[in-house]
Amino acid sequence: MTATLLDGEALAGRIRARVAEQVAELVKDGLQPGLGTILVGDDLPSERYVAMKHADCNEVGMTSSRRRLPSTATQEELQAVISEMNSDPAVDAYLVQLPLPAGLNEEAALLAVDPGKDVDGLHPVNLGRLVMGAEGPLPCTPAGIVELLAAYHVPVSGRHAVVIGRGLTIGRPLSLLLALKRPGCNAAVTVVHTGVKDLASFVRQGDVVVAAAGMPGLVTAEMVKPGAAVVGAGVSWEGRKLLSDLDDDVAEVAGWVTPRIGGVGPMTRAMLLVNALRAAQRRARSAG
Ligand code: GUN
C-alpha cells in the first residue's frame, strides 16, 4: 500500500476533546448543551448511527434527548414530535435520522425543523446559506470530509474535485462546499453519478475524488489518478459488515485514502457535535 490513510477516527477524537472543553465552559456558565434525535422505524444501520451519536454526546458532556417512533407512524405524528423538539428548551439542536420509512415525506419533515436547531444543516434555509456562501450549519458529512482533507494538508484549492453522487446528505452539499472560495475548498468541482456514461473517464481526472454513491467497490484502482486523494463516503451493508464505495486496491494508486472503517463516519459524528455546540453557544450569546 502506498497511500497515506486519512484517519478520521483519530481526528474525530481530537475534535470531540475540543468540543468537550467548550461544553464544560458553557456548563460552568450555567448552560447545559443538549442534542436531540428523532428516529422513525427500525432500520438497523440508522439505529446504530443514532446510538453512536448519543454515546458521543455522553462523552463530550452534552445531554441528549431521544425520540423514537414506529415505522407505522403517520406524517402527523412525526410533525408533532418535530414541533415538540422545536420548543424543547433542553434541545439546542436536533436531527431527524434519514432515511425515513416509505410513505413519510422527508421534505416536509426537514422543512418543519427550526432552522436555528437544524444540527444537520439540511433545512432549506441552511442549504440556501450554503448556496450563498453565508455562515450557517454545514451538513455534517461534507463538513467532515473537508476537515479531514485539510488535516492531512491535501491540496484542494485550485485542484479538480470529482464528487460521485448527488444525494441530499453528501454529494449535493459537498459539491457546493468544495467550490466555495474558502480555506480547504476553492476547487474545480465535477459532480457525477452512477447514471453517467463512462464514469471512469471523469473519476480519472480528479485530484480529489469523493465517492458517495452507496455502491460497494464502485471506485477501482484503474479509475484513480496516481497520487489523488480518494474518500469513501458512501456506505452499504452486507449483514453487519459495512462496505465502502472504494475497492481495496485504490490504496495502491492513491496518495491518500480513507480506511473502510474509521474514515468519514466518525468525522460526520464529530461535525454533528460541532454544530450542536455552536447552536448552544448561540443560545448562550442570546441569553447573556
Ligand atoms: N442518514 C445518513 N446520513 C445522514 C445525515 O447526515 N443526517 C441524517 N439526519 N440522517 C442521515
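Keep in mind that the numbers below use all heavy atoms, side chains included, and drop hydrogens, waters and symmetry copies. In each ligand, atom 1 is the first atom listed, and ligand 1 is the first ligand listed.
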Hey, does the side chain of Gln75 reach the backbone of Asn105 with a donor-acceptor pair shorter than 3.5 angstrom? yes
Heavy-atom pairs closer than 4.0 Å: do any link ligand 1 to the side chain of Val96, the backbone, both, or neither? backbone
Specify the protein heavy atom at minimum distance from atom 4 (C) of ligand 1: its residue, its atom name, and the distance to 0.1 Å. Thr169 CG2, 3.9 Å
Is it the side chain (CB and beyond), the backbone, both or neither of Leu98 that lies under 4.0 Å from ligand 1, heavy atoms counted? both
Does a side-chain N-to-carboxylate-O contact under 4.0 Å join Lys117 and Asp92? no
What protein heavy atom sits nearest atom 8 (C) of ligand 1, and how far away is it? Asp120 OD2, 3.2 Å
Answer yes when Arg129 and Glu135 have at least one side-chain N-carboxylate O distance shorter than 4.0 Å, and no when they do not. no
Could you tell me whether Arg67 and Glu84 have a side-chain N and a carboxylate O separated by less than 4.0 Å? yes
Which is closest to atom 11 (C) of ligand 1 by heavy-atom distance: Lys53, Glu106, Gln97? Gln97
Would you find a donor on one side and an acceptor on the other, under 3.5 Å apart, between the side chain of Asp247 and the backbone of Val250? no
